[in-house]
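A note on names: the letters A, B, ... follow the listed sequences, proteins ahead of strands, and every chain is numbered from 1.
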2 protein chains.
Amino acid sequence: MKLSASARFAEALQQRGKRMTRQRQLIVQQVFSHHDHFDADELLDHLRPLLAQRKLSRPTVYRTLAELVEAGLLRKMSLGGRSIYEHEYGYPQHDHLYCQQCNRLVEFHSEELNRVCAAVAAEHQFELSGHRMLVVGICASCRQPK
Amino acid sequence: MKLSASARFAEALQQRGKRMTRQRQLIVQQVFSHHDHFDADELLDHLRPLLAQRKLSRPTVYRTLAELVEAGLLRKMSLGGRSIYEHEYGYPQHDHLYCQQCNRLVEFHSEELNRVCAAVAAEHQFELSGHRMLVVGICASCRQPK
DNA sequence: GTGACTGCAAAGTCTTTGCACGCGG
DNA sequence: CCGCGTGCAAAGACTTTGCAGTCAC
């Protein structure tokens, strides 16, 4: 069942009458080269050599990120005014702990949280489609004396 | 114990060697005239007559919002790229349901959610300082056939 | 071939800042 | 009167868009 991200993207594009281009290939490869959270700027940084070589451009990166979100390969969230992306394809649902000192995100999963969501939605007659949970605090290493 | 928001703001300003001005007064009055979520743009809309009369200016509104957040009277959160504000002073802690169709926010409170937060933080050795929870779905009225 | 995609530059959107004047305490 | 606060205009950060040429299919 597990296609590579780039193959899955090609498939999703085709379904919508869109095309897999060299630029999109390069971006998808970079995005899925390792599992991490990132914003557009960080991605642009990683792609800097390719930008310098004129293999792709800034607007194309933004446009492709949007395509990846639409295709369900990436999830977009906003944190402190900027857009953060993370892998959605082939990665289990989870939420985040956020260290307000070092800005790191740590993933966690909680079944109990899902139950709370369902209960709250039911109570307010909402049709639940998802949730966004951020637990904010200070991580272990930031709390330690230097 | 309950000062008016504007009195509480004046007090907070004083403690920091800052001043209560006519502009800040006007903004605080508008902000606390009713309990609701709003973004800078909506607030600016409500203040439009005052802006037109040159009683205050756009940058001052932004600066005052930041003061109110620092003073602990407002809470700032970001949703879909824009900053949303809500009353923090004299208002119980709560989270939100978000209707993705009509964009309305509905408040809820869950003790169980707080317990989950504490548990997750403890498990990851985080010092908990708060959380942000958004339950996303479609509200009752949006689900109804028109 | 033909229509989606790209690069460029330019425009948006929302928010912040520099500076000279004005006013609160 | 001192110096914080304000208004103005302009700059910023980040992202999007219009358009003419290019490339995938």
Go along nucleotides 20-25 of chain D 5' to 3' and tag each nucleotide: B for a protein heavy atom under 4.0 Å from its base, S when only backbone or sugar atoms are that close, - otherwise. ---SBS
Could you run down nucleotides 11-17 of chain D 5' to 3' and tag each one B, S or - for protein heavy-atom contact under 4.0 Å? ---SBBB
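Counting to the nearest Å, the P atom of C:dC14 and the CG atom of B:L43 are 14 Å from each other. Atom CD of A:Q25 and atom C1' of C:dT6 are 16 Å apart (whole Å). Going from atom CG of A:L26 over to atom C1' of C:dT6 covers 13 Å, rounded to whole Å. Summarising the geometry, the separation between CD1 on B:I84 and C1' on C:dT15 is reported as 15 Å, rounded to the nearest angstrom. Following rounding to the nearest Å, A:Q23 (CD) and C:dC8 (P) show an atom-to-atom distance of 11 Å. Protein atom CZ of B:R54 is 8 Å distant from nucleotide atom P of D:dA9, rounded to whole Å. Atom pair B:R16:CZ and D:dG5:P shows a separation of 11 Å (rounding to whole Å applied). Distance, B:F9 CZ to D:dG5 C1': 12 Å, rounded to whole Å.
Residues A:Q25 and A:S6 have side chains that bring a donor and an acceptor to within less than 3.5 angstrom of each other. Residues B:H87 and B:D36 have side chains that never bring a donor and an acceptor to within less than 3.5 angstrom of each other. Under 3.5 Å, the side chains of A:E107 and A:H35 contain a donor-acceptor pair of N or O atoms.
A salt bridge does not link B:E67 to B:R16: none of the charged nitrogens lies less than 4.0 Å from a carboxylate oxygen. Taking a cutoff of 4.0 Å between a charged side-chain nitrogen and a carboxylate oxygen, B:E86 and B:K76 do not qualify as a salt bridge.
Considering CZ of B:F32 and CZ of B:F9, their distance stands at 9.0 Å, rounded to 0.5 Å.
Atom CZ of A:R54 sits in a sparse spot, with 12 or fewer heavy atoms from other residues, nucleotides or ligands closer than 6.0 Å.
Between C:dT6 and A:S57, no contact under 4.0 Å exists linking OP1 or OP2 to a side-chain N or O. OP1 or OP2 of D:dT6 sits under 4.0 Å from a side-chain N or O of B:R24.
In the hydrophobic clustering of this structure, A:V31 does not group with A:Y91; members are Ile, Leu, Val, Met, Phe, Trp, Tyr whose side-chain heavy atoms approach within less than 4.5 Å, directly or through other members.
Using cut-offs of 30° and 60° on the angle between ring planes, the pair A:Y85 and A:F38 is parallel.
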